[in-house]
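Just the heavy atoms: all of them, side chains too, but no hydrogens, waters or symmetry mates, feed the values below.
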Amino acid sequence: MKRILELYKTPYGLSIKRGLALATPFLIVGSLALLLNSFPHEGYQAFLSTMAGGTVSKLLGFLYTVTLGSLALILLITISISFGQMVQKDEAPLYPVAAVCAYLAFCGGLQGQSVYVFGADWVFSAMCIALISSGLLRKLMGLIHRVKKLHTIGADFMFNLSIKGLVPIAVICVFFGILGLALRSVTDTGNITNFGSYLFLKLFNEIGKNLLGILLYVFFSHLLWFFGIHGTNTLEAVAKQFFEEGVEINQALISAGQAPTEIFSKTFLDTFAFIGGCGAAFCLVLALFIASRKSNNRKLAQVASPFVFFNISEIVIFGFPVIFNSAMIIPFIAAPIVLTLISSGAMALGLVPMVSNSVEWTAPVLFSGYQATGSMAGSLLQLFNVAVGTCIYIPFIKISERKQTAAFRTSVKDMEKAMFQCETAGKAPELMTGTSPFEYAAKALALDMENAIDRGQVQLHYQIQINRDKTIHGAEALLRWEHPVAGNISPPLLIDIAYEGGFLPKLGLYIIEKVCQDVQHMNQIYFKKLNVSINLSPYQMEDDAHLEKALQMIDGYDLGDAQLVFEITERVLLNSSPQMQQRINRLREKGYKVSIDDFGMGHGSMLYLQNMAFDEVKLDGKLVTQMLDNRRSKDIISGIIKLSEDLDFRVVAEYVETKQQRDLLRELGCDIYQGHFYGKAEPLEEFVKRYLGNGLN
């Protein structure tokens, strides 16, 4: 099982998961269309049939047919395009085309088919062909790229790509066409092309429609679901052949004045085993409400609850997720099996009437139990089953959340390491690109972060800055965000995520406005001049419109005697264009100070002072931490301090962690200190209480 689950980390496993996720809107639209078109209420059905002369009902039928009713086609496209985006983004459009053509070649085309080959019961075949054809296309395209003669110099990129894809796609279509012909000739039946149904029909022909058969049906359908294959649709032919007639037999017996004898039927499964959809999803949602400690999972339960009430389970199954989640395989399969045993036992003992009425699978929980059996005992059995299923899920919810937390934290830590490696190599990180192993984790983090900004959950902490005479010089505002799953995330990663996610301007304005609000709060307690530093990213300094928005925002606040200091990094200094100088001068003209952050270790840091005017430099942290043991670091600091006297800028030392460091800095002539020796960064309330209320005045 462990090796099988490792497939999840390969393009094959990931393409199934992502393809199913992409298909979810179509599944939900189709399910809702079916629900609205077949809601089990006579008055509603009569009204629906008269609406616009029955046109509304026809429209709902069309919606179902082109979405859930064409699930094989949808998954062919979503799985193959997900595969293509992971292995070669430029070639991704070829993958769904190849998959659809391969599938049609395998089936023998569309014309002359006695069945709709894109229907839901063909999903197993479609998914297998999508994966195999995608894998073949990847291999063949890799080989064809070596043939340089196929490249036309000066031609359009897409033209060259299409020429290179000609032979691979032709080979794939021929391969699947021959395979389909061979299978049909051997079996003398077209049904073999839907080999998912074919294989399971052969199995169940040997077993029959007894208790063992129904339990194996539940087991296999959910095992397929767990690996991303729509199990109930794959086994739809089995359900129709072996379990569909159970209700009809019971109805005939009741009409003849005899007692019903058939416990098992498709309605029995939909109503009493698959409560809320596959895996008894209604129970899973209730378990999330009861046992989940993660806000994202509770939110998922809130979103999914109205859908599982009508047995539409995809949102919670894909969202939690259950698919490929080793912690959830036991309850996902065990819950419907246990509910099947309980329900069949209750009916065999006569505690609940046997199912005698067909009920659409979209009929709501509790109502469907009464409708299927014609008795309140059916609803009570559903209620009991819900309680049992929820209890089965609860301990596994806790286990899964611990695994989710560990996995997401690991991804975030790995992203932070990748960020550090990129900074060391002088490269810009690209966490959200198709070639990045962190693409989807980074995108998920970006969505979470933007949502947190909108909710005001991203915070600022303040670290004190102390003068030589032990009075307060000011504070630096530092970005902090505690993710509900991953915990505290490093600020450099937050900035890059915001930049790659396209909402860095929003984050920048949010920080500036938050600082202004916090400064107003500080002014109510502290009545002396206070320098408050704000970090500006290079991206913010490169956008005139953003800078003007920020200045307008600050103008809306009365900051009293507080002095804002904008810290910019050396990357800004690399852009020594007249426009950048104008932006820096614009800040100073408005009365704000400008500081160079991490000064002294970059490419010719001191040379930038010839072209641009600054009010402050902050010594690079490595210089401060190494100066006790590294004479060169000490000499560099000494040179910067002497230069500051000539060019009239002040020097702030960060990362001051010991008295020895502070004393040496003081000896060298540095007058302002920041670091853990004086205090760590703290939330506003704690900062005000510790420093401004009591005051180091």
Side-chain angles (χ1 to χ4, degrees), residues 8-22 24 78-79 81-90 92 294-297 299-300 318-321 323-325 400-401 403-455 457-459 478-508 510-511 535 537-540 569 571:
Y8 162 70
K9 299 177 181 179
T10 69
Y12 297 94
L14 288 172
S15 63
I16 291 176
K17 184 178 179 182
R18 295 173 185 179
L20 286 168
L22 287 174
T24 299
T78 58
I79 290 174
I81 201 168
S82 296
F83 188 99
Q85 287 177 331
M86 281 185 286
V87 298
Q88 182 52 265
K89 210 155 194 173
D90 289 338
K294 303 296 182 185
S295 59
N296 59 313
N297 288 332
K299 181 68 174 179
L300 173 67
F318 299 147
F320 182 62
I323 306 302
F324 282 107
N325 184 349
S400 184
E401 284 199 336
K403 289 189 65 177
Q404 285 179 356
T405 299
F408 195 77
R409 284 178 176 171
T410 299
S411 293
V412 171
K413 294 300 180 187
D414 289 343
M415 279 190 272
E416 290 176 344
K417 290 177 183 176
M419 281 280 301
F420 176 76
Q421 290 170 355
C422 287
E423 289 177 359
T424 303
K427 298 188 299 183
E430 295 180 342
L431 301 176
M432 295 189 192
T433 62
T435 57
S436 169
F438 312 112
E439 178 186 6
Y440 285 89
K443 287 179 178 178
L445 188 61
L447 287 174
D448 291 345
M449 185 180 178
E450 188 168 13
N451 184 265
I453 292 171
D454 293 336
R455 297 184 177 195
Q457 295 170 345
V458 175
Q459 300 297 318
L478 297 168
L479 181 64
R480 295 291 186 270
W481 178 43
E482 185 172 357
H483 188 276
V485 175
N488 288 317
I489 299 173
S490 68
L493 178 58
L494 295 180
I495 296 299
D496 183 74
I497 288 290
Y499 172 68
E500 292 193 51
F503 57 92
L504 183 59
K506 177 193 286 190
L507 176 61
Y510 173 89
I511 291 172
N535 288 280
S537 76
Y539 313 114
Q540 293 168 284
T569 63
R571 177 171 169 179

Asker: R18 versus Q85: any side-chain heavy-atom pair under 4.5 Å?
Answerer: no
Asker: Return the CD to NE2 distance between Q457 and H483, rounded to the nearest 0.5 Å.
Answerer: 10.0 Å
Asker: Write down the atom of P491, the atom of L479, and the distance for their closest heavy-atom approach.
Answerer: CG-O, 3.4 Å
Asker: Please report the closest heavy-atom contact between A442 and M432, naming both atoms and the distance.
Answerer: O-CE, 3.6 Å
Asker: Taking the side chain as everything from C-beta on, heavy atoms only, tell me whether F408 gets closer than 4.5 Å to L445.
Answerer: yes
Asker: Taking the side chain as everything from C-beta on, heavy atoms only, tell me whether M415 gets closer than 4.5 Å to I489.
Answerer: no
Asker: Please report the interatomic distance CD1(I497) to CZ(F503), rounded to the nearest 0.5 Å.
Answerer: 7.5 Å
Asker: Roughly how far apart are K417 NZ and F438 CZ, rounded to 0.5 Å?
Answerer: 9.5 Å
Asker: To the nearest 0.5 Å, tell me how far D454 CG sits from K506 NZ.
Answerer: 4.0 Å
Asker: Locate the shortest heavy-atom distance separating G19 from T78; write the atom from each residue and the value.
Answerer: O-OG1, 3.0 Å
Asker: Is the closest side-chain heavy-atom distance between L493 and W481 below 4.5 Å?
Answerer: no
Asker: If I take atom CD1 from residue I453 and atom CD1 from residue I511, how far apart are they, to the nearest 0.5 angstrom?
Answerer: 8.0 Å
Asker: For a quick test of reading the model, state the closest non-hydrogen atom pair linking M419 to D496 and the distance between them.
Answerer: SD-CB, 3.7 Å
Asker: Heavy atoms, side chains only, cut-off 4.5 Å: are I495 and N535 in contact?
Answerer: no
Asker: Indicate yes or no: at least one non-hydrogen side-chain atom of R480 is less than 4.5 angstrom from one of L494.
Answerer: no
Asker: Would you say the side chain of M86 lies within less than 4.5 Å of the side chain of L14, judging by non-hydrogen atoms?
Answerer: yes
Asker: How close do I79 and S15 get, counting heavy atoms only, and between which atoms?
Answerer: O-CB, 3.6 Å
